[in-house]
Chemist: 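Would you mind keeping the following structure in view while I ask a few things?
Since we're looking at a predicted model, the values are computed, not measured. Counting starts at 1 for both ligands and their atoms, following the listed order.
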Amino acid sequence: MKLPVFFLGLCVLMLSACGPQVQTTKFGSIEIVDPYVETAESGGNTDAYMVLKNTGGEADALVKAEFPDAMDSEIHETKMVGNVMKMTHLDAVDIPANGQVALKPGSFHAMMMGLKKDLKAGDKVKAILTFAKAGSVTVEMEVRNP
Ligand SMILES: [Cu+2]
């Protein structure tokens, strides 16, 4: 029976041809690239990730990430301390001039705390990102499976 293999091949082709475009929001000299959050249940917490690019000649910093769908939120960094993963609360994530910083699993993230609803793969959540110099911008983040 060769059919399943054929369908699998077809799916892979379709994914590569019609895969989602990387979402980029330009905001002054800041670019917010591919923002997403991980699926989670109402009442729980989840992490938001994105790449922040700075095309300007001055350093900036992400100082706040607010989510209407969460009771609270904080900027965190996950670090290995010995062989234990620890999260520390940060006041800001620096974005170097003409550089970029990645909020990604095992590193910087914005944490949505006390979700007001289930976040399922494919849903969108709003985030209000505040930068020290650029100010505040609202972006939509896609919900993805971890
Ligand atoms: Cu965290």
Side-chain angles (χ1 to χ4, degrees), residues 7-146:
F7 275 115
L8 200 67
L10 197 66
C11 289
V12 169
L13 270 178
M14 282 169 65
L15 274 176
S16 51
C18 319
Q21 296 259 305
V22 174
Q23 185 199 327
T24 302
T25 303
K26 289 189 179 158
F27 178 59
S29 51
I30 299 292
E31 285 179 25
I32 300 132
V33 183
D34 198 27
Y36 73 97
V37 305
E38 292 185 338
T39 51
E41 288 181 0
S42 179
N45 301 337
T46 194
D47 293 347
Y49 302 115
M50 71 205 87
V51 173
L52 298 171
K53 291 186 183 175
N54 183 358
T55 58
E58 267 187 285
D60 205 338
L62 176 70
V63 292
K64 208 194 275 180
E66 294 166 288
F67 302 89
D69 293 326
M71 303 289 286
D72 204 358
S73 60
E74 285 182 0
I75 297 172
H76 286 169
E77 182 177 15
T78 304
K79 269 189 184 165
M80 285 298 277
V81 180
N83 43 15
V84 183
M85 290 280 251
K86 275 191 85 175
M87 286 199 297
T88 27
H89 177 207
L90 301 179
D91 290 327
V93 175
D94 293 327
I95 317 163
N98 296 302
Q100 66 175 57
V101 64
L103 281 71
K104 61 183 183 186
S107 179
F108 301 116
H109 57 276
M111 192 138 194
M112 299 178 72
M113 301 156 88
L115 294 172
K116 296 177 185 171
K117 60 181 190 185
D118 291 344
L119 301 184
K120 297 195 183 77
D123 289 352
K124 305 262 191 208
V125 296
K126 267 205 175 91
I128 302 129
L129 305 176
T130 303
F131 299 91
K133 296 212 175 77
S136 296
V137 66
T138 301
V139 295
E140 271 203 330
M141 295 193 162
E142 190 182 270
V143 180
R144 293 185 196 158
N145 288 312

Chemist: Which of the N/O/S atoms in His109 sits closest to the Cu ion (ligand 1)?
Modeler: NE2
Chemist: Measuring to the Cu ion (ligand 1), does Asn45 have an N/O/S atom at a distance below 2.8 Å?
Modeler: no
Chemist: Angle at the Cu ion (ligand 1), SD of Met87 to SD of Met111, rounded to 10 degrees, please.
Modeler: 120°
Chemist: Considering only heavy atoms from C-beta outward, does the side chain of Met111 approach that of Ile75 to under 4.5 Å?
Modeler: no
Chemist: Mind checking whether Tyr49 and Pro35 have side chains closer than 4.5 Å, heavy atoms only?
Modeler: no
Chemist: Is the His76 ring parallel, tilted or perpendicular to the His109 ring (thresholds 30°, 60°)?
Modeler: perpendicular
Chemist: Is the closest side-chain heavy-atom distance between Pro146 and Asp47 below 4.5 Å?
Modeler: no
Chemist: Provide the atom name of the closest N, O or S atom of His76 relative to the Cu ion (ligand 1).
Modeler: ND1
